[in-house]
Amino acid sequence: MNSGLNVDNPTVVAAFRAALLHQGLIVLVIFAMLGLAWVSVRAAQPSKSGSTAAAAAEPAGRKLLRIGFGILWLFDGILQAQPKMAIGLPSQVIQPTAAASPHWVQVVVNWAGTAWSYHPLQAAASAVWIQVGIGLWLLAAPRGAVSRLAGVASIGWGLVVWVFGEAFGGIFAPGLTWLFGAPGAVLIYAVAGVLIALPEHAWQTPQLGKQVLAGLGAFLAGMAILQAWPGRGFWQGISHGQPGTLVGMARSMARVPQPSFLHGWVSGFASFDEAHGFAVNLFAMAALGVIGAVFLTGRARLIRPALIGFFMLCAAAWVLVEDLGFLGGLGTDPNNMIPMALLAAAGYAALVRVPAAAAQTTVAAGNAGERARGLARWRELVQPAALSQRAAAASIRSVAAFGAVGVIILGAAPMAVAQASRKADPILAESLSGSAGVIDYPAAGFTLTNQYGRSVTLASLRGKVVLLTFLDEVCTTDCQFIGQEFLQAAGLLGPANASKVELVAIVLNPTYRSVADIQAFDKAEGFQGVPNWLYLTGTLPQLQHIWKEYGVIGQDLPAGAMTLHNDQAYVIDKTGNVRQEIGTDPGPATTVTKASYASLIANAARHVLSAP
Amino acid sequence: MSRPVRAACLLLAVAVTATGCGSSGQASSPSPVGAVPPLATSVVTADGAWAVVVMGGSAADHNNFWQIFSRPPGSNGWRLVTPPGVASNGGLVIAPAGGQSLTAGFRPSQALVITPLASTSNDGSSWSPAVLSAAIANVPDALAAAPGGSSLIALLTDGTAERSGPGANWAPLVTRRSLAASAAGTRCGLQQLTAAAISSSGVTLLAGACAHPGSAGIFARVGGTWSPAGPVPPAALARQPLTVLRLTRTASGILALLQAGTGTSASLLAAWSADSGSHWDLSAPFRLGGTQVAAASFGPGDAAAIVLSGNRGITIAGPGQQWHPLPALPSGTATLAAASGATMDALSVHGGRLTVWQTSPASSAWTQVQAIDVPIQYGSSG
């Protein structure tokens with residue numbers, strides 16, 4: 001799934017920063033243009049908004065969710081901008097999260113991780129802008145359809161992150177517990193999105209608050225049962241010399257780089273739990289069970305103290321067990337406690353702070369009227385004059401909301417385009433091989449024998465672009481990978497270019513260099529039948545002469561070692577001049593880096609093909 | 001709260017609880033097949049000796065390289081003759097062809113999926129390369145040469161046996177599946193192929209592990225048909241499954257090492273046949289007592305020397321002889337090899353150093369007689 005590169009690979013980190021910077025400038029331009037357009041329209045057509053009735057206040061519960069989750073999405077977007085995220089998310093976030101889950105979950109998650117790894121820059125930048133965009137949208141749009149659509153966006157992206165980034169929040173993995181993040185923070189973002197997307201009349205009665213709290217109560221009761229379940233390591237602080245599950249988690253969190261006071265708290269809790277594991281788990285189980293049961297009653301008087309207790313429990317777990325959730329490594333969100341506390345608070349607010357009846361009537365009537373007008377009204381709205389009038393009447397918040405949608409599109413569009421392509425981003429290969437310089441010198445000629453036993457000269461390939469490399473057909477590490485990269489490059493170039501580009505390898509083993517040897521390589525690596533593939537060999541003096549001309553090494557080493565050789569490819573243009581030298585050390589040789597090299601090689605061939 | 005909402009909440013709680021209690025445990029079933037020893041071995045003939053050991057001492061397999069040592073006839077010293085051109089970290093199997101000839105096969109490793117071969121006719125002074133377009137099996141007798149090296153048999157990882165004909169062209173000989181489905185294979189309940197040999201008279205022999213107790217899985221190809229050619233185990237072992245650990249050609253015929261049973265009740269048997277499997281002489285069973293066969297060596301003549309786990313060694317001189325224990329083997333002993341007279345060499349490996357120790361029947365200790373520092377190319381394979 002992952003590229004196998006270091007997460008702080010300087011080439012990729014620099015490219016990610018540059019991409020964010022460029023897109024950040026575009027974001028500024030989007031907002032500047034929208035602002036300018038809004039000011040211009042207002043100047044040309046003074047607003048008549050004063051004539052409309054004053055809008056009713058937004059229900060307190062909804063407002064809390066909207067602002068709270070808007071800030072959370074913004075914060076998550078900023079976390080996504082960490083330099084190591086482009087390479088690190090698949091290997092350090094997605095893969096470990098899915099590791100304990102069933103095979104089918106890993107298949108689903110691997111697919112997403114691979115898609116990310118194929119386009120690390122686009123994917124990482126997309127995540128930043130989509131999350132920042134949703135956050136801004138939620139914060140900017142307090143009412144109406146635009147606001148509800150922000151909720152829908154929160155649901156959609158939340159579910160994407162929950163499934164692919166959090167491996168379904170780990171709910172299918174053993175060891176599930178509320179204390180470690182169940183049911184996955186982003187699922188709660190999606191639930192909040194559902195509530196924000198509800199028609200406003202849903203917030204006009206205490207029923208919604210009751211249902212939210214009941215759902216939460218049921219979940220907490222389930223978590224209490226799970227906490228009490230024997231054999232999961234929560235009842236023991238230490239067992240057979242090994243730390244219990246909760247102690248292990250706290251100890252691992254304490255090792256994360258963090259402020260010393262926080263380290264002290266988390267370590268202190270781990271020691272306390274080690275000594276009093278049974279009591280700690282009993283308390284956690286009882287607290288979850290009691291709070292869950294009280295939430296299920298739907299009675300405000302009982303819920304108020306339970307809510308305070310829940311906040312305290314969330315705060316304690318967030319600090320002492322989850323260690324704030326985003327410190328060290330590559331944290332992508334502050335984990336489940338803050339969103340869950342927000343959800344509970346919003347449910348309580350919806351239960352006890354029902355909007356005034358007058359406002360309820362007005363809004364209900366307004367909604368009914370809107371529905372009645374239907375399609376005709378939409379047609380009317382898209383008329384230029386009507387649009388201009390509405391733009392003039394729009395608030396600065398509405399303009400900001402439209403800007404936020406633009407930010408989301410800015411993030412999503414490049415990723416969608418990248419996903420539509422089967423090519424991997426060549427940036428990974430560039431980070432391994434270094435950037436190719438522009439060169440132009442005559443390629444050393446050769447006369448060798450191909451895999452069919454026929455003589456081939458470089459001169460006979462004039463008129464074609466030649467991708468030349470040197471391969472040891474019995475090496476154990478690099479050569480097969482380079483061959484596979486060439487084969488993939490041929491696929492990317494397509495049948496149309498097969499007659500214009502020749503893939504050529506020359507044997508790079510002083511001992512194993514017969515035609516039968518290269519035929520065996522071709523068979524094993526799938527080169528048989530590739531029309532524009534040539535694998536060439538010759539006598540040892542012939543080969544040594546060519547190796548010297550191209551500056552490659554092929555030298556047998558003693559004591560069972562692989563033949564010493566370097567990994568190099570050359571792009572030779574139609575006139576026989578070398579135009580690019582590409583270092584082809586495959587690095588970790590993962591599926592992702594091989595695909596990236598294939599893109600790099602195919603791009604180089606296309607570039608030289610299109611050169612005059 | 002309404003009833004449907006309560007019901008939904010209850011369902012949610014149950015579902016969450018149920019999913020969280022999942023377990024990822026896996027069940028495993030024991031295999032009746034005896035463990036075929038690693039590739040370390042030696043073969044001693046009147047024309048000299050060959051030994052194969054792994055060196056490097058690294059925790060990473062790709063930094064441990066298998067080596068071939070040769071001891072020319074009349075010499076007491078070993079020399080490194082590992083063929084060049086291929087990384088040997090996947091393992092080396094050897095097939096002596098008589099005289100000073102030998103073919104070595106490099107087992108695939110890392111990205112290499114084919115089997116480079118190297119043949120010598122001058123005691124390893126020079127090698128001729130060739131390639132088998134398949135992956136050779138991870139057993140010491142995966143490669144067998146006809147006398148004079150006119151043809152080779154290879155056991156592959158996919159259970160196929162292939163034979164090289166004229167012009168070094170390889171062709172399938174038989175698959176484990178088809179051999180198991182034959183009358184001979186069905187009787188044995190053939191589970192896997194573990195060894196190949198070609199007798200002095202040119203008869204192709206394959207051997208394997210049988211699931212059916214009391215049946216020794218050695219098969220001879222006569223007239224294009226595979227026939228059972230294994231020995232009948234003694235009555236005491238008739239209820240034990242048998243695995244052929246090694247099968248090799250000796251000066252007087254064929255020598256097989258068999259393991260009867262598994263675990264602490266396992267026994268080791270040597271079996272000799274002078275007529276390609278029609279008649280066998282069996283040694284007395286040697287109770288392994290929970291130890292494993294770490295290496296087996298053959299020659300000269302009908303002798304065999306076994307390295308057992310725990311630095312123990314045993315030898316047997318031939319048909320009608322008893323197993324003899326050796327003095328506690330030097331630490332790191334990879335294989336044994338009979339030396340001149342009645343002495344025995346123990347080749348011990350520590351990192352990149354091969355130390356040759358020697359003992360005689362009258363002695364109860366080992367004496368160091370040679371040390372070779374091998375220039376292991378750490379890091380050369382990834």
Side-chain angles (χ1 to χ4, degrees), chain A residues 100-102 171-177 182-183 207 210-211 213-215 217-226 229 231-232 292 296-298 472-481 484 509-514 516-517 519-521 523-525 556-564 589, chain B residues 1-2 5-6 8-25 54-56 62 64-68 80 82-90 92 106 108-116 118 127 129-134 168 352 374-378 380-382:
Chain A
S101 294
I171 64 169
F172 299 109
L176 181 73
T177 172
Q207 198 57 34
K210 273 188 183 176
Q211 288 170 350
L213 288 169
F219 171 75
L220 294 176
M223 289 291 110
I225 296 169
L226 214 51
W229 207 273
R232 301 175 77 235
L296 275 164
T297 64
D472 168 6
E473 68 276 35
V474 291
C475 84
T476 53
T477 54
D478 295 358
C479 299
Q480 291 83 356
F481 304 135
Q484 288 159 18
N509 186 310
T511 304
Y512 289 80
R513 51 187 164 74
S514 71
D517 297 343
Q519 285 174 342
F521 176 92
K523 184 181 171 191
E525 300 302 323
D556 282 339
L557 293 176
M562 191 173 79
T563 294
L564 177 68
Chain B
M1 188 163 47
S2 66
V5 172
R6 279 181 206 275
C9 291
L10 191 63
L11 272 176
L12 175 68
V14 170
V16 163
T17 305
T19 53
C21 296
S23 164
S24 59
V54 64
M55 302 186 74
H62 64 261
N64 292 319
F65 297 89
W66 289 79
Q67 310 294 344
I68 300 179
L80 179 70
T82 307
V86 189
S88 61
N89 48 3
L92 274 168
F106 292 83
S109 70
Q110 296 169 279
L112 183 66
V113 296
I114 57 180
T115 304
W127 295 89
V131 168
L132 164 61
S133 295
V374 175
I376 301 295
Q377 307 292 312
Y378 293 104
S380 60
S381 280

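Labels below follow one simple rule: chain letters A, B, ... track the order of the sequence lines, proteins then strands, and each chain is numbered from 1.
- Of all heavy-atom pairs spanning Pro84(B) and Asp556(A), the tightest one is CB-OD2, 4.0 Å.
- If you measure heavy-atom distances from Pro510(A) to chain B, you find no contacts under 4.5 Å at all.
- Between the side chain of Gln67(B) and the main chain of Ala559(A), a donor-acceptor pair closer than 3.5 Å is present.
- Neither the backbone nor the side chain of Ala134(B) comes within contact range of chain A; no heavy atom of the residue lies under 4.5 Å from a heavy atom of that chain.
- In terms of heavy atoms, Ala520(A) sits closest to Val131(B) at CB-CG1, 3.4 Å.
- The minimum heavy-atom distance between Ala118(B) and Tyr512(A), with the atom names listed, is CB-OH, 3.8 Å.
- The two residues Val474(A) and Pro116(B) make their nearest non-hydrogen contact at CG1-CG, 3.7 Å.
- In this structure, the portions of Asp517(A) lying under 4.5 Å from any heavy atom of chain B include both its backbone and its side chain.
- Of the residues considered (Ile376(B), Asn89(B), Ile114(B)), Ile114(B) shows the highest number of contacts with chain A, using heavy-atom pairs under 4.5 Å.
- At a 4.5 Å heavy-atom cutoff, the contact between Glu525(A) and chain B is made by side-chain atoms alone.
- Ranked by heavy-atom pairs under 4.5 Å with chain A, the list Tyr378(B), Trp127(B), Phe65(B), Trp66(B) is led by Phe65(B).
- Separation of atoms OG1 (Thr476(A)) and CZ (Phe106(B)) is listed at 11.0 Å; rounding is to 0.5 Å.
- When all heavy atoms of Gln377(B) and Ala561(A) are compared, the pair lying nearest together is CG-CB, 3.3 Å.
- Interface check for chain B: of the options Cys475(A), Ala524(A), Ala589(A), Gly292(A), the most heavy-atom pairs under 4.5 Å are formed by Cys475(A).
- Within the 4.5 angstrom heavy-atom criterion, atoms from both the backbone and the side chain of Ser88(B) approach chain A.
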